[in-house]
Asker: 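Mind having a look at this structure? Questions to follow.
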Amino acid sequence: MPVPHFAPPSSPASSAEAAPRHASLGQVRTLFISDVHLGTPDCQAALLAKLLRRVRPERLYLVGDIVDLLAMRKRAVLDKDQQALVARVLRLARSGCEVIYIPGNHDAAFRRLCGLKLHNVSIERRAIHTTGSGRRLLVSHGDEFDTHVRIAPWLLTLGDGMHGFILSLNRWCNRARGMFGLPYWSLASALKRRSGVAQRYVAQFEEAAMRQARLEGLDGYVGGHIHQAGFRVEDGVLYCNDGDWVEHCTALAEDGDGALHLIDWQGQILESAPRHVMPRQVVPPATEAVTPEMAGA
């Protein structure tokens, strides 16, 4: 796993629109979620299920690492909350919601099934999503950009080990909060606010993703992978990361007008993307593009 797990919690980007802390989301045209890590004790399945009860998207993108097949090789945890979450997603698919599953690096084995449709769930390597406002966005998990991030290997290993320890503390902290009737709170985020390594990793990851969207003549990018929700705009290209469901419990939602918002597990808007329509980009030679094959998929 890469260092991004050190990443501090998202803060409103200077180019994004701050939203009132308790603003509620209305109609949801599209919902993007990633990094659920089903099969692990850190999966916040109950909170995600609550969100899916509050919002009824017309289209749902599962943007990778939904099932943590890597962790399940050592120990599989699939409790009743996680089973109920899987059942709810399948009910959404049966009830008319278009569900697209884009496998990530932790569920990469499912990439063999790309192009198939199982239980009304389409499995794709990547997607181009067109918003209601006309933006065309590349959607992928994001692990294909790991090779574009220059961080010392020993720091990656250290970050992975510390992330596991922090998540175990996070579980105990929230069990204690639950005993006192307090809501979920990410101790992991609070402990990871001051990592310069993480900030460099996130910045390089964002730049690689926006460069890929620009190379393909698209208006922006949507992904996960680094557990760092947020927006960024550079040279007319919008970067969106929907966060995760082991620490921050955030999703990316497109409303009925095509505007994009980061929301929490209660469906409350945390941050909104700039609303102006992006200009179409000129497509340069694609020799530098990051393809799934280059990423080792």
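Counting begins at 1 with the first residue of the sequence. Here the structure is a predicted model, which means the values were calculated and not measured.
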Asker: So do V202 and I226 actually touch side chain to side chain, heavy atoms under 4.5 Å?
Answerer: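 Sidechains of V202 and I226: in contact.
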Asker: Would you kindly confirm whether L92 and V86 end up in one hydrophobic cluster when ILVMFWY residues are joined by side chain heavy atoms under 4.5 Å apart?
Answerer: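 Yes; V86 is reachable from L92 via cluster members.
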Asker: Take D107 and Y101 through the side-chain hydrogen bond (donor to acceptor under 3.5 Å, both in side chains) test and state the conclusion after the steps.
Answerer: CA-CA 11 Å; D107 45 14; Y101 191 159; 2.6 Å; yes
Asker: Applying a strict under-4.5 Å side-chain criterion to I, L, V, M, F, W and Y, I'd like to know whether I66 and L90 cluster together.
Answerer: yes
Asker: Are the side chains of R136 and E216 in contact, using a 4.5 Å heavy-atom criterion?
Answerer: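 In short, these two side chains do not touch, never coming nearer than 4.5 Å.
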Asker: Got Q212 and E144 here, is their nearest side-chain heavy-atom distance under 4.5 Å?
Answerer: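 No - every pair of side-chain heavy atoms lies 4.5 Å or more apart.
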Asker: For H225 and F145, what are the C-alpha separation, side-chain angles and deciding distance, and is it a ring pair (Phe, Tyr, Trp, His ring centres under 6.0 Å)?
Answerer: CA-CA 10 Å; H225 187 49; F145 303 125; 9.0 Å; no
Asker: So for atom CZ, which belongs to R112, do other residues, nucleotides or ligands contribute more than 12 heavy atoms lying within a distance under 6.0 Å?
Answerer: no
Asker: Output yes when a side-chain donor or acceptor of Q82 lies under 3.5 Å from a complementary backbone atom of T40, and no otherwise.
Answerer: yes
Asker: Over all heavy atoms of both residues, which pair between L262 and D242 is shortest? Give the atoms and the distance, please.
Answerer: CD2-CA, 4.2 Å
Asker: What residues, two or more places apart in sequence or in another chain, satisfy salt bridge (Lys or Arg N to Asp or Glu O under 4.0 Å) together with E58?
Answerer: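 Result, salt bridge (Lys or Arg N to Asp or Glu O under 4.0 Å) vs E58: none returned.
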Asker: Do D65 and H141 pair up side chain to side chain, a donor and an acceptor below 3.5 Å, judged on atom types alone?
Answerer: yes
Asker: Tell me the closest heavy-atom pair linking R56 and S95, and the distance in Å.
Answerer: NH2-OG, 3.6 Å
Asker: Any chance you could measure L218, atom CG, to I128, atom CD1, to the nearest 0.5 Å?
Answerer: 4.5 Å
Asker: Is D68 close to D42 at the side-chain level, that is, under 4.5 Å between some pair of heavy atoms?
Answerer: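 No. Closest side-chain heavy atoms not under 4.5 Å.
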Asker: For a 4.5 angstrom cut-off between non-hydrogen side-chain atoms, does L260 reach L238?
Answerer: yes
Asker: Output, in order, the C-alpha distance, side-chain angles, deciding distance and verdict of side chain to side chain contact (heavy atoms under 4.5 Å, CB included) for V99 and N120.
Answerer: CA-CA 7 Å; V99 180; N120 292 334; over 6 Å; no
Asker: Measuring from F32:CZ to L137:CG, what's the distance to the nearest 0.5 Å?
Answerer: 6.5 Å
Asker: Give the C-alpha distance, both sets of side-chain angles, the deciding distance and a yes or no for side chain to side chain contact (heavy atoms under 4.5 Å, CB included) between V67 and F110.
Answerer: CA-CA 10 Å; V67 181; F110 294 152; 4.2 Å; yes
Asker: Report the C-alpha separation of N241 and E206 in whole Å, then their side-chain angles, then the decisive distance to 0.1 Å, and conclude whether the side chain to side chain contact (heavy atoms under 4.5 Å, CB included) test is met.
Answerer: CA-CA 9 Å; N241 194 296; E206 293 172 348; over 6 Å; no
Asker: How far apart are the closest heavy atoms of R232 and A203, and which atoms are they?
Answerer: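 Where R232 meets A203 most closely, the heavy atoms are NH1-O, 3.5 Å.
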Asker: Is a donor from one side chain sitting under 3.5 angstrom from an acceptor on the other, for Y221 and S140?
Answerer: yes
Asker: If every non-hydrogen atom of A253 is compared with every non-hydrogen atom of I263, which pair is closest and at what distance?
Answerer: CB-CD1, 4.0 Å
Asker: State whether the number of non-hydrogen atoms from other residues, nucleotides or ligands found under 6.0 Å of R91 atom CZ is greater than 12.
Answerer: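 Atom CZ in R91 is packed in, count exceeds 12.
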Asker: Assess whether side chain to side chain contact (heavy atoms under 4.5 Å, CB included) is satisfied between L31 and L252, documenting all intermediate values.
Answerer: CA-CA 6 Å; L31 188 68; L252 179 69; over 6 Å; no
Asker: Under 3.5 Å, side chain of R111 to main-chain N/O of P103, donor-acceptor pair present?
Answerer: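 Looks like yes, one N/O pair under 3.5 Å.
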Asker: I want to check something: taking the side chain as every heavy atom from C-beta on, are R135 and E254 in contact at a cut-off of under 4.5 Å?
Answerer: no
Asker: Between H248 (side chain) and H227 (backbone), is there a donor-acceptor pair under 3.5 Å?
Answerer: yes
Asker: Indicate the atoms forming the closest heavy-atom contact of V237 with G220, along with that distance.
Answerer: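 Of all heavy-atom pairs spanning V237 and G220, the closest is CG1-CA, 3.9 Å.
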Asker: How are the rings of F205 and Y239 set to each other: parallel, tilted or perpendicular (split at 30° and 60°)?
Answerer: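 Perpendicular.
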Asker: Given W245, which of D35, T250, L47 fulfils the side-chain contact (heavy atoms from CB on, under 4.5 Å) condition?
Answerer: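 Option passing the side-chain contact (heavy atoms from CB on, under 4.5 Å) with W245: L47.
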Asker: Enter the distance from R211:CZ to E234:CD here, rounded to the nearest 0.5 Å.
Answerer: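 Those atoms lie 9.5 Å apart.
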Asker: If you round to the nearest 0.5 Å, how far is CG of L113 from OG of S122?
Answerer: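 One gets 12.0 Å once the value is rounded to the nearest 0.5 Å.
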Asker: Could you state whether L69 and L78 fall into the same hydrophobic cluster, counting links through intermediate Ile, Leu, Val, Met, Phe, Trp or Tyr residues with side-chain heavy atoms under 4.5 angstrom apart?
Answerer: no
Asker: Do you know the tightest heavy-atom contact between R29 and T130?
Answerer: NH1-O, 3.2 Å
Asker: Supply the atom-to-atom distance Q266 CD to C249 SG, rounded to the nearest 0.5 angstrom.
Answerer: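 Answer for the CD-SG pair, Q266 versus C249, is 10.5 Å.
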Asker: Any heavy-atom pair between the side chains of W265 and Q44 that's under 4.5 Å?
Answerer: no
Asker: In Å and rounded to the nearest 0.5 Å, what is the CZ to SG distance from R126 to C114?
Answerer: 11.5 Å
Asker: Test your reading of the model: is there a side-chain donor-acceptor pair from D79 to the backbone of D81, 3.5 Å cut-off?
Answerer: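 The answer is yes, because a donor-acceptor pair under 3.5 Å joins these two groups.
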Asker: Can you find a heavy atom in the side chain of L60 that is under 4.5 Å from one in the side chain of I100?
Answerer: no
